[in-house]
There are 2 protein chains.
Amino acid sequence: MSLAQLRYFVAVAEEQHVTRAARRLHIAQPPLTRAIRSLEDEVGAPLFTRTARGVRLLPAGAILLTRAREILDALDAAVAEARRAATDAPH
Amino acid sequence: MSLAQLRYFVAVAEEQHVTRAARRLHIAQPPLTRAIRSLEDEVGAPLFTRTARGVRLLPAGAILLTRAREILDALDAAVAEARRAATDAPH
DNA sequence: GGCGCGCCATACCGAGCCGGTATTGGACCG
DNA sequence: CGGTCCAATACCGGCTCGGTATGGCGCGCC
């Protein structure tokens, strides 16, 4: 599992549409499809149902969506905090 | 930045020693050195001081260590929770 | 003060992953 | 029943990641 995979997952969940999410992420649709499937493999459970109009979150996906957002936000905050600690006490 | 990089960073910080951390992670020392340097590049600040006996955490590194542990724990918890949600309500 | 040892850093190489294009298969809608 | 729109698959190229070999440097012991 990678951070990119988590970001991809969040985008797909928000768009409920793989192709639109791919456009938003500036990548093509097939690698995005693969990343999501590989994430489902790793979690060991499907995260979306596939429909003719796009995809829909399953319960496990909804849980993961919340947690993934928290993790990605925490990561950004962690980096910002570390940078701040480095510039605050330079000598 | 990758999750592997965060795990590597935590191991090096805990061991205060790149070579020992590499053994613990079951990878060789050079890739680990590179991963840490690349992490420092990305954060934009050095995280360790290099000494003749190993490495020592800088303030920015100490901050990041705490946050990295939280993030990695949160990730494990998130996956476990998603799995649970998938098996709990199967139909 | 020179010698040796242990550490991190660099050079180089091969394999596996990631993203891209092209295409298929299938469901809904007129 | 044909067109359209969606995700899924096939296949390929570049790049990243990990491995081996080696270098450079500082400390410690005579």
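Every chain is numbered from 1 and lettered A, B, ... according to where its sequence line falls, protein lines coming before strand lines.
Contact annotation: B:T19 side-chain N/O to C:dC8 OP1/OP2 distance is under 4.0 Å. In this model, the phosphate group of C:dT10 is approached by a side-chain N or O of B:R37 to a distance below 4.0 Å at OP1 or OP2. Look at B:T33 and you won't find any side-chain N or O under 4.0 angstrom from OP1 or OP2 of C:dC8.
For a distance-only test at 3.5 Å, the side chain of A:R34 qualifies as a donor-acceptor partner of the base of C:dG19. Counting distance only, with no hydrogens placed and no angle test, the side-chain atoms of B:R50 and the base atoms of C:dG6 include no donor-acceptor pair under 3.5 Å.
Judged by distance alone, the side chains of A:S38 and A:E42 never bring a donor and an acceptor atom under 3.5 Å apart.
Salt bridge B:R20/B:E14: absent, no basic N to carboxylate O contact under 4.0 Å. Using a 4.0 Å cut-off between charged side-chain N and carboxylate O, B:R67 and B:E70 make a salt bridge.
Rounded to whole Å, atom P of D:dT9 lies 11 Å from atom CD of A:Q29. Between the CG atom of B:D41 and the P atom of D:dT16 there is a distance of 13 Å, rounded to whole Å. The CD atom of B:E42 sits 12 Å away from the P atom of D:dT16 (whole-angstrom rounding). For the pair A:L25 CG and C:dG20 C1', the interatomic distance rounds to 15 Å; values are reported in whole Å. Rounding to whole angstrom units, NE2 of residue A:H17 and C1' of D:dA8 are separated by 14 Å. One interatomic measurement links the two molecules: CD1 of A:I27 to P of D:dC15, which rounds to 17 Å at whole-angstrom precision. Between A:R53 atom CZ and D:dA8 atom P there is a gap of 17 Å when expressed in whole angstrom units. B:E15 places its CD atom 15 Å from the C1' atom of C:dC7, with the value rounded to the nearest Å.
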Quiz item: Where do A:E15 and A:R23 land on the salt bridge (charged side-chain N to carboxylate O under 4.0 Å, His left out) test, with the steps shown first?
Solution: CA-CA 10 Å; A:E15 299 285 344; A:R23 270 198 293 271; over 6 Å; no

Self-check item: salt bridge (charged side-chain N to carboxylate O under 4.0 Å, His left out) assessment of B:R83 paired with A:E40
Solution: CA-CA 10 Å; B:R83 280 197 187 120; A:E40 290 178 319; over 6 Å; no

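At the heavy-atom level, A:Y8 lies under 4.0 Å from the strands shown only through sugar-phosphate atoms.
Of all nucleotides listed (C:dC28, C:dC8, C:dT10), C:dC8 comes nearest to the side chain of B:V55.
Where A:P31 and B:A28 each meet DNA chain D at their nearest nucleotide, the meeting point lying more 5' is that of A:P31.
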